[in-house]
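A short write-up of the structure that comes next.
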Amino acid sequence: MSYARVHCVGLVGVTGHVVQVEADLAPGLPAVVVSGLPDTALHEARDRVRAAVVNSGQRWPNRRITINLLPADLPKFGSAFDLAIAAALLGGAGELALTALDRVVLLGELGLDGTVRPVRGVLPMVTAAVRAGLDRVVVPAENAAEAAMIPGVRVRAVDTLHRLVGFVRDGTPLLEPPVPPTSPPPDGPDLADVAGQSLGRRAVEVAAAGGHHLALLGPPGAGKTMLAERLPSILPELDDGAALEVTALHSIAGRLPADGRLLRRPPFQAPHHTATVASLVGGGSGLARPGALSLAHRGVLFLDEAAEFGKNALEALRQPLESGRVRLTRSRGGTEFPARVQLVLAANPCPCAKPAGDSHCECTPLARRRYLGRLSGPLLDRIDVQVTVQPVRAAELMATESTSESSVVVAARVTTARAAAAHRWRPLGLNLNAEVPGPVLRRPPWRLPLPDTAELRARLDRGSLSARGFDRVVRLAWTIADLDGRDRPGRDDVLEATGLRTGEES
C-alpha cells in the first residue's frame with residue numbers, strides 16, 4: 001500500500017478544524033514534500049519525523065513521499081501534526097496497518113529521539129474533534145489530563161512513537177490519562193487583608209456585582225494594588241461553558257497548570273507597564289496568538305501604573321472593551337479572540353506620587369494634569385467606576401483585629417446581586433448590568449423616574465457627562481440596588497452611582 005490517511009486537528013485562533021493527514025509514497029528520487037498551506041514548523045517536520053522514525057527502530061522508505069493536509073485551503077500552524085504525519089507515512093509504506101487508528105485523532109510533536117512532546121491548544125483541538133464526531137484521541141502524555149477535561153471523548157496517551165507503533169501492530173495498551181485532582185485550588189488574597197479603604201472596598205464590590213470597569217487613583221501605598229488583586233476573590237466561579245472557554249485560551253498560550261483541572265476561578269492578568277500593543281491585545285507572526293486581554297477573558301485585566309503604559313497600548317483597549325472581542329488581521333489570515341474582561345486601572349496622582357496637599361510634592365498643577373492626561377478621555381469614558389483612594393490612617397493600619405469583611409462575605413452579596421440581574425435581563429439574553437444596552441435602560445419598563453435622574457440629566461446638559469457616561473451611571477445604579485436588595489434603583493442609588501462614576505462624594 002502506498003497511500004494512508006489519519007486524522008489530526010489544526011487551530012485557527014481558538015477554533016479547531018479536523019485535518020486529514022494524507023501520505024502517498026511513489027517511485028522516484030527520495031524526497032518529502034508537505035502541501036496544504038503549512039507554516040515553517042510544518043516544513044521542518046520532514047526532518048523531525050525522519051529522525052524520530054529511524055530512532056524508533058522503524059525503516060525509513062527511500063521513495064518520493066508526499067504529505068498533504070486537508071482541507072488544503074486552511075492554514076496549518078505548529079508541530080502538533082508530527083505524530084499524525086509519522087503514522088500516515090508508516091501506514092503508506094506498509095509498515096503499519098492503520099485499522100486501529102480509524103477515526104482516531106493523533107496529536108503530538110516528535111523529538112528526534114522518537115519521544116512525543118506536549119503541544120499547545122490540546123483542549124480546543126479535542127473539542128473540535130468531538131464536535132466533528134471523532135470521540136477517540138491519542139495525545140502526548142503531558143497533555144492527557146488536559147484532553148480528558150472534555151466529556152464524551154476517550155483519551156489515550158503516548159510518550160514515544162515506539163509505543164504508538166506497538167499499539168497499532170500488537171495491541172500494546174496505550175497510557176491512561178491521570179485521575180484529576182479532587183482537592184480545591186489554594187486560596188488567593190482576601191479582602192480582609194485590606195486596612196480601611198471603605199470607599200475603595202465599596203467600589204470593588206460594585207464593580208464585581210455588575211461587571212463594571214474600575215479606576216483607582218491615589219498615592220502609592222494607599223492600597224490600590226491590594227484592592228485590585230482581591231477583585232477575583234469576590235467574583236463567582238466560572239460555569240462549565242465559561243470555564244472551558246477560558247481554559248482553551250490558556251491552553252493555546254501554553255499557560256495551563258499541570259494538574260489537569262478546568263480553570264474555575266476568573267483569571268487575573270497584570271502585565272507590566274512596558275507591555276507592547278501585541279502583548280496586550282495579541283499578535284505574532286503568521287497567525288496571531290492571544291494577548292493579556294484575551295487571557296483575562298471572563299476575569300480581570302489589571303493595569304498598575306496605568307499612566308506609564310504606552311499611549312498606543314492603552315488606546316488599543318478601547319474597541320475590545322466595547323465589543324468584548326479582539327479581531328486581529330495578519331497577512332496569512334484573520335483571528336478572533338474573546339476578550340470580555342473587567343478592566344482595572346491604578347494610577348498615582350502625579351509623577352512624584354506624593355499627595356496633593358504634601359508640601360514636598362515637586363509637581364506643578366500643569367504637570368499633574370499632564371500626567372493623568374496620559375489616560376485619554378475616550379478610554380476613561382469607558383470606565384464605569386472612578387474613585388480616589390486616600391492614604392490609610394494609622395489607627396486603621398495598626399488595628400489589632402481586622403474589622404474588614406472577608407472575601408467570602410462580600411462574594412455572597414455579589415453572587416446574590418448577579419443572580420438578581422441575570423433573572424431580570426434573561427429575556428434579553430444578558431447576565432450582567434454592565435452588558436445592558438443604554439437604549440434599553442432609557443425606555444419603559446426599565447426607564448427610571450425623571451425626578452430620580454434630574455441631577456444626572458443636568459450634568460449631561462452641562463457637558464460634564466457624556467451620553468455613554470449617562471448610561472454607565474444608570475447601570476451602576478441598578479447594580480447598587482441589586483446589592484442592597486431592591487427591585488429598582490431610587491434617587492439615592494443614582495446619586496451614589498454618580499459619585500462612583502465621577503469620583504465625587506455622593
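Scope of the values below: all heavy atoms of this structure, side chains included, with no hydrogens, waters or symmetry mates. Quick caveat, the model's predicted, so the values are computed rather than measured.
- Two residues are said to be in side-chain contact when any heavy atoms from C-beta on lie closer than 4.5 Å; L74 and L37 fail this criterion.
- Scanning all heavy atoms of the two residues, the minimum distance from A307 to R374 falls at O-CD, 3.0 Å.
- The two residues R117 and P140 come nearest to each other via the heavy atoms O-CG, 3.2 Å.
- The neighbour count for R318 CZ, taken as heavy atoms of other residues, nucleotides or ligands under 6.0 Å away, is above 12.
- V119 has its side chain within reach of N143: a pair of non-hydrogen atoms, C-beta onward, lies under 4.5 Å apart.
- For K76 and D82, the salt-bridge test fails: no basic side-chain N is under 4.0 Å from an acidic carboxylate O.
- Scanning all heavy atoms of the two residues, the minimum distance from A222 to V392 falls at O-CG2, 3.6 Å.
- S251 and E146 share a side-chain donor-acceptor pair at under 3.5 Å.
- Screening residues 406-433 for ring pair (Phe, Tyr, Trp, His ring centres under 6.0 Å) gives W425-W446, W425-W478 as the qualifying pairs, with residues at least two apart or on separate chains.
- Counted within 6.0 Å of CZ on R447, heavy atoms from surrounding residues, nucleotides or ligands total 12 or fewer; the atom is thus considered open.
- With a 4.5 Å cut-off on side-chain heavy atoms, L314 and L303 count as touching.
- Under the side chain to side chain contact (heavy atoms under 4.5 Å, CB included) test applied with L500, the options L495, I480, D384 reduce to a single match, I480.
- For E305, the salt bridge (charged side-chain N to carboxylate O under 4.0 Å, His left out) test picks out no residue, with sequence neighbours left out.
- Judged by distance alone, with hydrogens and angles left aside, the side-chain atoms of T276 form a donor-acceptor pair with the main-chain N or O of S279 at under 3.5 Å.
- When the shell of 6.0 Å around CZ of R486 is examined, it contains more than 12 heavy atoms from other residues, nucleotides or ligands.
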